[in-house]
Amino acid sequence: MQIKFKRIFLALFVMCGLWLSLRAEDGYRLWLRYDKIDNPTLLLSYRKAITGIQMDEQSAIFASALNELKTGLSGLLDKEVFVVAKNSPVAGSLVAGTPQGNSLVASFTHPEEMKKLGDDGYLVITVGSGNNQHLLIAANTDKGVLYGSFHLLRLLQTHQPIDRLNICEIPKIKCRLLNHWDNLDGSVERGYAGTSLWDWHKLPEYLSPRYTDYARANASVGINGTVITNVNANARALTPEYLEKVAALATVFRRYGIRVFLTARFSSPIETGGLKTADPLDAGVQQWWNEKADEIYKLIPDFGGFLIKANSEGQPGPQDYGRNHADGANMLAKAVAPHGGIVMWRAFVYSHEVPDDRAKQSYSEFTPLDGKFEKNVFVQVKNGPIDFQPREPFHPLFGAMPKTPIMMEFQITQEYLGQGTHLVYLAPLFKEVLDADTYAKGKGSEVAKVIDGTLEDHPLSGIAGVANIGNDRNWCGHPFAQSNWYAFGRLAWNHQLSSETIAGEWIRMTFNNDAGFIAVATKMMMQSRETTVNYMTPLGLHHIMAFEHHSGPGPWSNIGRADWTSPYYHRADSLGIGFDRTSTGSSALSQYAPEVAAEWADLRTCPEKYLLWFHHLPWDYKLNSGETLWNGLISHYYSGVEGVRKMQKDWESLRGKVDVQRFEHVEAYLKIQEKEAVWWRNSCIQYFQQFSNLPIPVGYEKPEMPWEYYKKLTGRKILRF
Ligand code: GCW
């Protein structure tokens, strides 16, 4: 085992001046802005501490780390940081001179201990003593050094002390992936930040600098894989012509420790291979996939593997041939296994031909297959049983397939949460799911432990986020949407971080380190998700958005297959509202562990946030607040709108503390959000009022228009590609 390290050593004192940046910013630099530290005392101390970088190794990833440190340090410290390109002294001799009390140094001088860092972990520690102190970034691999370098830069960007560092970081989850729903024609399914980053037209020859910046941003938060094509897959992505383009992207991403994955269209052997069938048990089909894998790995030796959406929403799959999901997944798994690849098989399946509650179907199809998958197969499960709603209880498959590594799928792009224009910080949503207790092995069996592999001791562990990135200049459209990319990565690395901590880091790096600014912006972010739930789908309501675009409200949406309509989910009638999933209804609750099912089945213990998800209740049902269900529903909708207005006021109070360009951008979007929150509130309560026949209590502002007016609004409709 090799220990590679880079060290940064003490230097001279250099004077500096204050330089506060309020230059217009377009958001391109994300959280990696590296502007000069605007606190003079801190700047002096950092400058004094850091003068140069001495490196130990040469590799492409090492060069990326060095580059980042050079750019970052020279920007933050506003001076040239020199690099000594000769081999540094042995880490051990530095460590030996370290004062007592640095426990990490003590434990990690031993090779066996160092092994615990794995491939991605790292140390950032102060070693040596007296005038011979150094910052040491140590890891088993060059990727670890890269992550450690970003960590050090983050400390400086967020104005943390760096004099006695004692940091040991090991990611809790091994595969930390973005899923791009990008089509080969440049469109992005459910994308709200422009078109695809991948310029297929100019690849493989032209490598846009954005590819490198994309990889840097991912590596800075520890994302180590990217699925670059849509799960609604196009077979052409696996043809030689496109593979050459994919290989070119892979060369860029590889330098940042990022592996490329592709989606596989199950019918590819027919569509591009000229075979008559795609039956996974057919020897010819198996051979086709084996050869395809060989071809891919010849071009991309570190290719990650395949992500597959099969027999779901019209996509082809093994069931077309009377086979099951395991048959399909295993065929692909065997093709990539010799090369070290994996298969991520999505569990997002449901059929309108099955009369059962849609929330139950994925569990019903997959649990019988537990133990039947090859070792290199993940089953990838969305966070909730329906579809990325503003709030869902955790998916019942978490904890229900102990023999199979389960990969989490979150949606970073805000398909159901205001899309491109609403400020919604998603870390609280992610955390709510990760922290939920499945009781699969008794109390303390949180979803996070299912996916990080510790509950069942799985060597594979993975988490994916459906990306919100496009070719908009600021990458994610809404300036605050960048925080969701950031938060996903940070939680993928360490799901124990709090949402506040992550928000604080992001705000400091993206805007500034002003305490007042941070306090207000953090509050805005932390409340934004609950605010959104309130004006969209309070008290457990779900899937009541407009059918065509999922953007605005559509509790009336009643076209097409039943399980795509809103009344299927809200079930409002003169007696009440909500979906009965207890034993008197669809019995979906029976798919959870008995402790969870009992808690949610009992109205005395069911959290009100899940009330109408699991229960159909009369309009005069009494809520904890003492209000009737009808009045409670109304107060949630009104408080949602008030929450947005509060965000507007808060943002206004930050005028002058952030550059005008980004300030006005957010200001304009908050205006849209307010308008649309009113649209949601007015249309939903008036629509439901037809069933409740109850008045809107006095004191609330009157809806300006009847719900039929809002029904006609399709202003923000983005057609599904
Ligand atoms: O949420 C639904 C989306 C589809 C998406 C599908 C899926 C990629 O509306 O756009 O298709 O889920 O996750 O497969």
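Whatever order the structure lists ligands and atoms in, that order sets their numbers, starting from 1. Since this is a predicted model, take the numbers as computed values, not measurements.
Residue-ligand proximity, D387 to ligand 1, at heavy-atom distances under 4.0 Å covers atoms 1 (O), 2 (C), 12 (O). Atoms of ligand 1 found under 4.0 Å from any heavy atom of E313, numbered from 1 in the order shown, are 6 (C), 14 (O). The atoms of ligand 1 that sit less than 4.0 Å from any heavy atom of H550 are 9 (O). Atoms of ligand 1 lying under 4.0 Å from at least one heavy atom of E189, given by number and element, are 4 (C), 5 (C), 8 (C), 10 (O), 11 (O). For ligand 1, the atoms sitting less than 4.0 Å from at least one non-hydrogen atom of R190 are 3 (C), 4 (C), 9 (O), 10 (O), numbered in the order shown with element in parentheses. Every atom of ligand 1 is numbered from 1 in the order shown, and the set under 4.0 Å from a heavy atom of F348 is 6 (C), 7 (C), 12 (O), 13 (O), 14 (O).
Figure legend: R571 and Y568 shown as a cation-pi pair, the cationic atom lying under 6.0 angstrom from the six-membered ring centre and within 45 degrees of its axis. Figure legend: cation-pi geometry between K245 and Y242, with NZ or CZ positioned under 6.0 Å from the six-membered ring centre and within 45° of its axis.
Note: F394 and W600 meet the aromatic proximity criterion, with ring centroids under 6.0 Å apart.
Crowding of R210 atom CZ: a count of heavy atoms from other residues, nucleotides or ligands under 6.0 Å exceeding 12.
Taking 4.0 Å as the cut-off between side-chain N and carboxylate O, K202 and D199 count as a salt-bridged pair. No salt bridge links K403 with E456; every basic N to acidic carboxylate O contact stays at or beyond 4.0 Å.
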Start with the C-alpha distance between K382 and E392, add both sets of side-chain angles, then the distance that settles salt bridge (charged side-chain N to carboxylate O under 4.0 Å, His left out), and finish with yes or no. CA-CA 10 Å; K382 288 189 181 183; E392 296 193 35; over 6 Å; no

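Residue contacts with ligand 1: Q315 is excluded, as none of its non-hydrogen atoms falls under 4.0 Å.
Considering backbone and side-chain atoms alike, W181 places every N or O at 3.5 Å or more from each N or O of ligand 1. For Q411, no nitrogen or oxygen atom sits less than 3.5 Å from a nitrogen or oxygen atom of ligand 1, counting backbone and side chain alike.
Contact annotation for W564 and ligand 1: no heavy atom of the residue comes within less than 4.0 Å of the ligand.
Side chains of Q411 and Q389: no donor on one and acceptor on the other come within 3.5 Å.
Residue nearest to atom 13 (O) of ligand 1, selected from R346, E409, K309: R346 (by heavy-atom distance).
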